[in-house]
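So the structure is just underneath, and the comments pick up after that.
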Amino acid sequence: MLLAGTDYTFAVAETPMLSFVFRKLLMLIPTLLGITLVTFTLVHLIPGDPVAIMAGERGISAERHAEVMAELGLDRPMWEQYLSFLGNLAHGDLGHSLISSNPVLDEFMSLFPATLELGFCAMLLAVCLGIPLGVIAGIKRGSIIDHTVMGTSLTGYSMPIFWWGLLLIIFFSGILGWTPVSGRLSSSYWIDTPTGFMLIDTLLSGEPGAFVDALQHLILPTVVLATIPLAVIARMTRSSILEVLGEDYIRTARAKGLSPWRIIAIHALRNAMIPVTTVIGLQIGLLFSGAILTETIFSWPGIGKWLIDAVGRRDYPSLQGGILLIALIVMMVNLIVDLLYGLINPRIRNSR
Amino acid sequence: MTQKTSRRLMLAGGLLMAATGTAHAKTLVYCSEASPEGFNPQHYTAGTTFDASSRTIYNRLVEFKSGTTEIKPALAESWEVSDDGKTYTFHLRKGVKFQTTDYFTPSREFNADDVLYSFNRQLQDDNPWHGVGSGYEYFEGMGMPDLIESVEKVDDNTVRFHLSRASAPFLSDMAMDFASILSGEYADQLMKENHPERMNQQPVGTGPFQFAGFQRDAYIRYQAHPNYWEGKSPLDRLVFSITPDASVRFQKLQANECQVMVFPNPADLEAMRNDPNINLESAEGLNVGYLSFQTEKPPFDNPKVRRALSMAVDRDAIIKSVYQGAGEKAKNPIPPTLWGYDENVKEIPYDPEQAKKLLAEAGVKDLKTQLWAMPVQRPYNPNARRMAEIIQSDWRKVGVNAEIVSYEWGEYLRRASEGEAMTGLFGWTGDNGDPDNFLNTLLSCNAARDGSNYAKWCNPEYDDIIRQAATATDQDERTKLYVQAQEIFRDQMPWLPIAHSIVYDPVRSNVTGYQVQPTGSHIFYGVDIKE
């Protein structure tokens, strides 16, 4: 897909924005290659092997062990395994899981919607709440609101996710009974999930109450996953706003007699958004690591839980494929963030 | 209200329920621990996978009576063993129907071809199905390829297993999960469609529940098999809600989001006992947690040293703080629930003074050694790290300095099987309720070479007895031999057996007919929910 773009080199080079995008896309290839090498090495550096793990307490004789390793193609030299991994990759083949023998890509795609749905909701919450809170804390610097927002966000930032998730479950599901404990949908609904996005699937199913049920299941994991990005975004917005408010053009705007809200919304916020956008982009990458814990607590069937299992079982193809796909997604997000800079700040756009 | 009218009302209610359809289907939700690795039990060894496949979807020729490890007829109605113990003839049950699903409609009933398909694909390297899926670890691990010479179809309802030697535990082996019977007709269909891998994804069996959907890490759905040969399950639907965290499972059970849960945290047991909505069902587990000594290397090649270090360990303290009381102090390598258990074997006393004396007699001074602690939690050892710390401090009192060592689980087992663990914590859960499965698998000379005898203990006298017991067919004779074997074990002490743990399954109090299985499996046939 990426290579197919080569034919258009000259065409796109004429418009600076497109050539910028194209250059960035081209850069992805060496980066991805590097990632495959690092992933492959790291994955194979984990002590133990899938056959020994599978045998467990039962043990396995050395000959039998060697036989199974050969069947799985794991007895070949590392470089050979790496090259064949790359060769298959070039054909879009990420290999098959050693455990379930399903194609890695299929497993990833069947689980990714759950992670995406949760991640999207969490990011939405973090941005929609984090930016206004940061702005207010920035404007009312030193006030009680500022101290509350900053204090809470520091707590949120340092919160161990596992503990925080359990605490919310015990309080809201156990004591108050407001939210379901875990999962994406109550077991009484037997609906098909063609898209994998539960909010969409429940609507499509036409089952009364299913959509609300799915929404209720989303609340706690969203809050837990949003906690850290929310804290980071709020703090970043605050400091960024503070910096911008001290600039000359804000003083000029004030001197011109513009309304305070107009100054904040048009002049200050837009300029303050650049570092905030960077942070949001970085948080999306970090979201995946938060998702691993959140998904484990809330029995959320996403890729985080899947990767953890793959590590536990030394399912090399799943690990290599999964990490590569996540890296690809994170890089695309960063690319989009780069493009957004241009939208927010014309100076950046034109300088390229 | 008279009984009669109330019964009439119930009947009317039942009809109403039938009329409104699936919305009121009787559903039981089970909070399981992890996703199954697949749905063909032949490829795997994990209990989680078996609960989801062999124990719901499939049957075997013979099975364990619920709650025990006694053998009962299942797909085989009866069987005969030849005098030399090398030929087993199974008479198959007639009228057994395979499940009808979206992806397969059986045209015939269960017969000998299904048995041949199920075993030959594991047995024969040149079988077209042999290479499908990820190997047959359990079948091979139990030594089946060497034991079974061939499986013969005598007629449609009779199969004969030819063995290379007499083997008393063979019938128990046939009740194990790898011996589940798959559909030969479905296999042919999949081969024709060129999708053999679907055998592992869209299973078809003869069992009480049929597969209705699986979302990895979320749920597995089953429907009652309407034509099940033992009669349809009282539950219309069974759902496995996959919930990895034990505390979350407990919350779900309290919120009635599931009615049965697996593996409670030992720390939650008290709260479960006190909850009026929860029954904490328990059974003595078919397991043993033990401390093994590397008997090939000094000073542990000396039985006196092994005895001394065993006497120095306060196992009552371990049972209290590691098992939270949910364990029984062990003296034999097999649990007391198993036949052949030797009641008369002397207890191993806690006696640090005597231990010091024995060490002095053996000429061991200022001993420094390693103590291996498993990195994982198992029913037979809920907290190996804590256990190791207790043993470490007990040993310090008799002048032995142990350094606690741990590795990642696969690495731990690999290194231990190479004899690196000078002293180490291990354990075992029985597969089939035959003493051979403990005494041979964990302590024979063969096992010392091949892996699961981590003490590397090879005692010719013991080995001889164990081998005799495996070929004898008379159970009384076998019992006698196993008792002898346990006496040798007690005398030589290659391990300090620590405890047999109790298996707990918390269930909602409106669930009836649920039985805890000593093998740690979970069986839902016969379970019902009171409305």
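It should be emphasised that the depicted structure is a prediction, and the values quoted were computed from it without experimental measurement. Order of the sequence lines sets the chain letters (A, B, ...), proteins ahead of strands, with each chain counted from 1.
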Among the listed options B/Thr441, B/Asp431, B/Leu442, the residue most often paired with chain A at heavy-atom distances under 4.5 Å: B/Asp431
Crowding at CE, A/Met109 (>12 non-hydrogen neighbours, <6.0 Å): no
Contacting moiety of B/Arg378, where chain A heavy atoms sit under 4.5 Å: side chain
Point-to-point distance, once rounded to the nearest 0.5 Å, from CD of B/Glu257 to OG of A/Ser188: 10.0 Å
A/Phe298 versus chain B, the contacting section by heavy-atom distance below 4.5 Å: neither
Residue of the set B/Asp245, B/Ile242, B/Thr243 for which side chain to side chain contact (heavy atoms under 4.5 Å, CB included) holds with A/Ser182: B/Thr243
Minimal non-hydrogen separation, B/Tyr222 against A/Trp190, with atom names: O-CH2, 3.3 Å
Most contacts with chain A, counted as non-hydrogen pairs under 4.5 angstrom, among B/Met142, B/Glu197, B/Arg221: B/Arg221
Contact winner vs chain B - A/Ala114, A/Ser187, A/Gly174, A/Ser101, heavy-atom pairs under 4.5 Å: A/Ser187
More than 12 heavy atoms of other groups within 6.0 Å of A/Phe120 CZ: no
Contact winner vs chain A - B/Pro244, B/Gly427, B/Gly38, heavy-atom pairs under 4.5 Å: B/Pro244
Distance-only donor-acceptor hits, side chain of residues 211-221 of chain A, under 3.5 Å, sequence neighbours excluded:
residue  : atom : partner  : partner atom : Å
A/Asp213 : OD1  : A/Ser186 : OG           : 2.7
A/Asp213 : OD2  : A/Ser186 : N            : 2.7
A/Asp213 : OD2  : A/Ser186 : OG           : 3.1
A/Asp213 : OD2  : A/His217 : ND1          : 3.4
A/His217 : ND1  : A/Asp213 : O            : 2.8

Contact class of A/Glu107 relative to chain B, heavy atoms under 4.5 angstrom: side chain
Proximal component of A/Thr193, with respect to chain B [non-hydrogen, under 4.5 Å]: side chain
Contact winner vs chain B - A/Glu71, A/His65, A/Lys305, A/Arg184, heavy-atom pairs under 4.5 Å: A/Lys305
OH-OG distance between B/Tyr44 and A/Ser100, expressed to the nearest 0.5 angstrom: 6.5 Å
Chain A contact via B/Ser35 - which portion, at a heavy-atom distance below 4.5 Å: backbone
Reported CD-to-CZ distance for the pair B/Glu37 and A/Arg313, which is rounded to 0.5 angstrom: 4.5 Å
Contact class of A/Ile99 relative to chain B, heavy atoms under 4.5 angstrom: both
Any donor-acceptor N/O pair, B/Gln251 side chain to A/Ser173 backbone, under 3.5 Å: no
Structural part of A/Pro180 lying under 4.5 Å from a heavy atom of chain B: both
Region of B/Phe250 in contact with chain A, defined by heavy-atom distances below 4.5 Å: neither
Heavy-atom contact with chain A under 4.5 Å, split by part of B/Val248: both
Closest-packed option against chain A by number of heavy-atom pairs under 4.5 Å, given B/Glu137, B/Glu411, B/Glu408: B/Glu408
For chain A, which residues of residues 211-220 of chain B have heavy atoms nearer than 4.5 angstrom: B/Ala212, B/Gln215, B/Arg216, B/Asp217, B/Ala218, B/Tyr219
Heavy-atom contact with chain A under 4.5 Å, split by part of B/Glu140: side chain
Contact origin within A/Leu98 toward chain B - heavy atom pairs under 4.5 Å: backbone
